[in-house]
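Written below as structure tokens is the structure these notes are about.
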Amino acid sequence: MDGALIRMATDPRSPTVAVGLQGSCCSGCAVTAYPAEDACPRCGGPAEPAVLQGTGRLWTWTVQRYAPKSPPYQAPPGGFVPFALGYVELVEGVRVAAVLEVDDLDDVRIGMPLTVTAGHGVPRARPTTPGEEGS
Amino acid sequence: MSTDVLICGAGRTPFGRSEASGRQLAVGAVNAALADAGIEWSRVRAAFGGSDSAGLADTLVAQLGLTGVPFINVKNGCATGGSALVSAVNAIRSGMADVVLAVGFDKHPRGAFDPRPEDWGLGAEYGSDGLMVTTQFFGMKIQRYMYDHGITPRTLALVAEKAYRNGGLTPEAWRRKPVSAEEVLESGMVSDPLTRYMFCSPGAGAAALVLCSPEAARSLDGPPVALRSAAVRTRRFGSFEVFSPWIPGGQLTSVSRDASAAAFEEAGIGPGDVDVCQLQDTESGAEVMHMAECGFCEDGEQERLIASGVTEIGGTLPVNTDGGCIANGEPIGASGLRQVYEIVQQLRGRAGERQVPGEPRVGFTHVYGAPGVSACTVLSR
Ligand SMILES: [Zn+2]
């Protein structure tokens, strides 16, 4: 399990772009969490910071068809458009909630390979390009 | 074996939109339950109750009568009614009281279900980016379940169609007009794969029960129903709940599975013995999944069972005979006791047009809600 965690915040190939997700991992029972937790939600033991790779497959999804209530929702500058969201099961085993950045909502399928990135806002997942797969 | 607890009175109000306050509805349900039991309020020796957003139950004494009765407030989300019931059971078994009231009521102001990220321990971005919408969770849970177990959208529509049909047979229900499966499927997608008519709405309503020790029940006229068990559980690690930024990998745990198993074990009865049941149906998918989580079928069997009418009033396992949450709406504090009210009517043979044929003997109720709590009961006559 430990080997699947990259303990660095940036990708050495493109050091200006942050990759991976700042999660945590329990040293006792190897439960991985995102966002990072101070304590393991299973055993209560201390959890260490861990960077998750961000690659995985879509575990489930839905589409937000109408504008969520605002506040707290802040529509993007162009106004609300329906968007897909789901849980991406990362190679580390944790399923992370993310907005799905897909060109066509009809293309969303359970099992599709996705790469999750974190920046401002919630995690975002886009289809993994063939070159990225298995990296 | 612990002391038997008997339900000697049950009352409810109509559910839906109401001019009356939540407290007024509660008084109406309590008086109906007392009349059903054939007792005066002064005979009640302890009371437990609550609402999610319609005030404190103990203030009802101002309308019911200032008898000095101990009246304990319960506030436990969707398990408010179930928790009041467990407290009432314990009051009787401990010898604290021989006649006990349990009441649940609610009336939700607009915006009552608008969650704030900070109240859930989440960053503000989960709200601003649009991930704090409850319907998303329901859509995503049943989406995965359908993928794993071969459930189709038509099955979800059949569940809603049944709810409206049964609501039409229930005078106190909110949604009483029949809606066909086709209309359900075409009612507009809310959170894929769930459409508008597959969801219940927040509403107003109240339900109350009078529970008695066997000695106290013998002095009353009505046919009592035995409350064989009442169990409340909270989630264990590994469950899938609303507003979770992440969930653990592997097989999901289920608080409904845990609570129902506890209720069946305490009752010494299995799901196969149940003649009529009430399962949490916040939306159609929930009823489908809860059939399996509560032990009534294997995962995936619902596709065949529902299509063949097993869960209809005339089927071998009638589910949500009063139309459930979909037809009654969901006043959170009242929902669990509304379910028990319905089972009590069914077991007494007093359910009118919606009566399950064949004189059902054993019933079951199940509520589930955020943030991972479930309450179940087993009843028999
Ligand atoms: Zn741990």
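So that the names make sense, note that chain A is the first sequence line, chain B the second, and so on, each numbered from 1.
Contacts of B:S187 classified as side-chain hydrogen bond (donor to acceptor under 3.5 Å, both in side chains), with partners at least two apart in sequence or in another chain: B:T195.
When the shell of 6.0 Å around CG of B:D119 is examined, it contains more than 12 heavy atoms from other residues, nucleotides or ligands. Atom CZ of B:F138 has more than 12 neighbouring heavy atoms from other residues, nucleotides or ligands inside a 6.0 Å radius. Other residues, nucleotides and ligands place more than 12 heavy atoms under 6.0 Å from the CG atom of A:D104. Other residues, nucleotides and ligands contribute more than 12 heavy atoms inside 6.0 Å of the CD atom of B:E118. Within a 6.0 Å sphere centred on CZ of A:R65, other residues, nucleotides and ligands contribute more than 12 heavy atoms. Around the CD atom of B:E265, the shell of radius 6.0 Å holds no more than 12 heavy atoms that belong to other residues, nucleotides or ligands.
Residue contact with chain A, scored on non-hydrogen atoms closer than 4.5 Å, involves the side chain of B:L131 exclusively. Residue contact with chain B, scored on non-hydrogen atoms closer than 4.5 Å, involves the side chain of A:P123 exclusively. For chain B, the nearby part of A:R124 is the side chain; its heavy atoms alone come within less than 4.5 Å. Using a 4.5 Å cut-off between heavy atoms, A:P71 makes no contact with chain B at all. For a residue to count as touching a neighbouring chain, one of its non-hydrogen atoms must lie under 4.5 Å from one of that chain's; by this rule B:S244 touches chain A with backbone and side chain alike. Looking at B:V190, both its backbone and its side chain come within 4.5 Å of chain A, counting heavy atoms on both sides. With a threshold of 4.5 angstrom between heavy atoms, A:V63 approaches chain B through its backbone and through its side chain.
Looking at B:R144 and A:I110, their side chains come closer than 4.5 Å, going by heavy atoms from C-beta outward. Side-chain contact between A:V31 and B:F237: present, with at least one pair of heavy atoms (C-beta onward) separated by less than 4.5 Å.
The ring-ring contact (aromatic ring centres under 6.0 Å, His included) contacts involving residues 53-109 of chain A comprise A:W59-B:F240, A:Y87-B:F240, where partners must be two or more places apart or lie in separate chains.
Not one N or O on the side chain of A:R95 forms a donor-acceptor pair closer than 3.5 Å with the backbone of B:P245. A donor-acceptor pair is defined here as one N or O able to donate and one able to accept, closer than 3.5 Å; no such pair exists between the side chain of B:D192 and the backbone of A:T62.
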Does the side-chain contact (heavy atoms from CB on, under 4.5 Å) test come out yes or no for A:L85 and B:Q136, once each step is laid out?
CA-CA 8 Å; A:L85 63 141; B:Q136 295 169 350; 3.5 Å; yes
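Taking CG of A:L21 as the start and CH2 of B:W246 as the end, the distance is 13.5 Å to the nearest 0.5 Å.
In terms of heavy-atom pairs under 4.5 angstrom with chain A, the leader among B:M140, B:E125, B:R116, B:M132 is B:M140. The candidate from B:G249, B:G139, B:S128 with the greatest count of non-hydrogen atom pairs under 4.5 Å with chain A is B:S128.
Taking both residues in full, the closest heavy atoms of A:P68 and B:V133 are given as CB-CG2, 3.7 Å, listed atom of the first, atom of the second, then distance.
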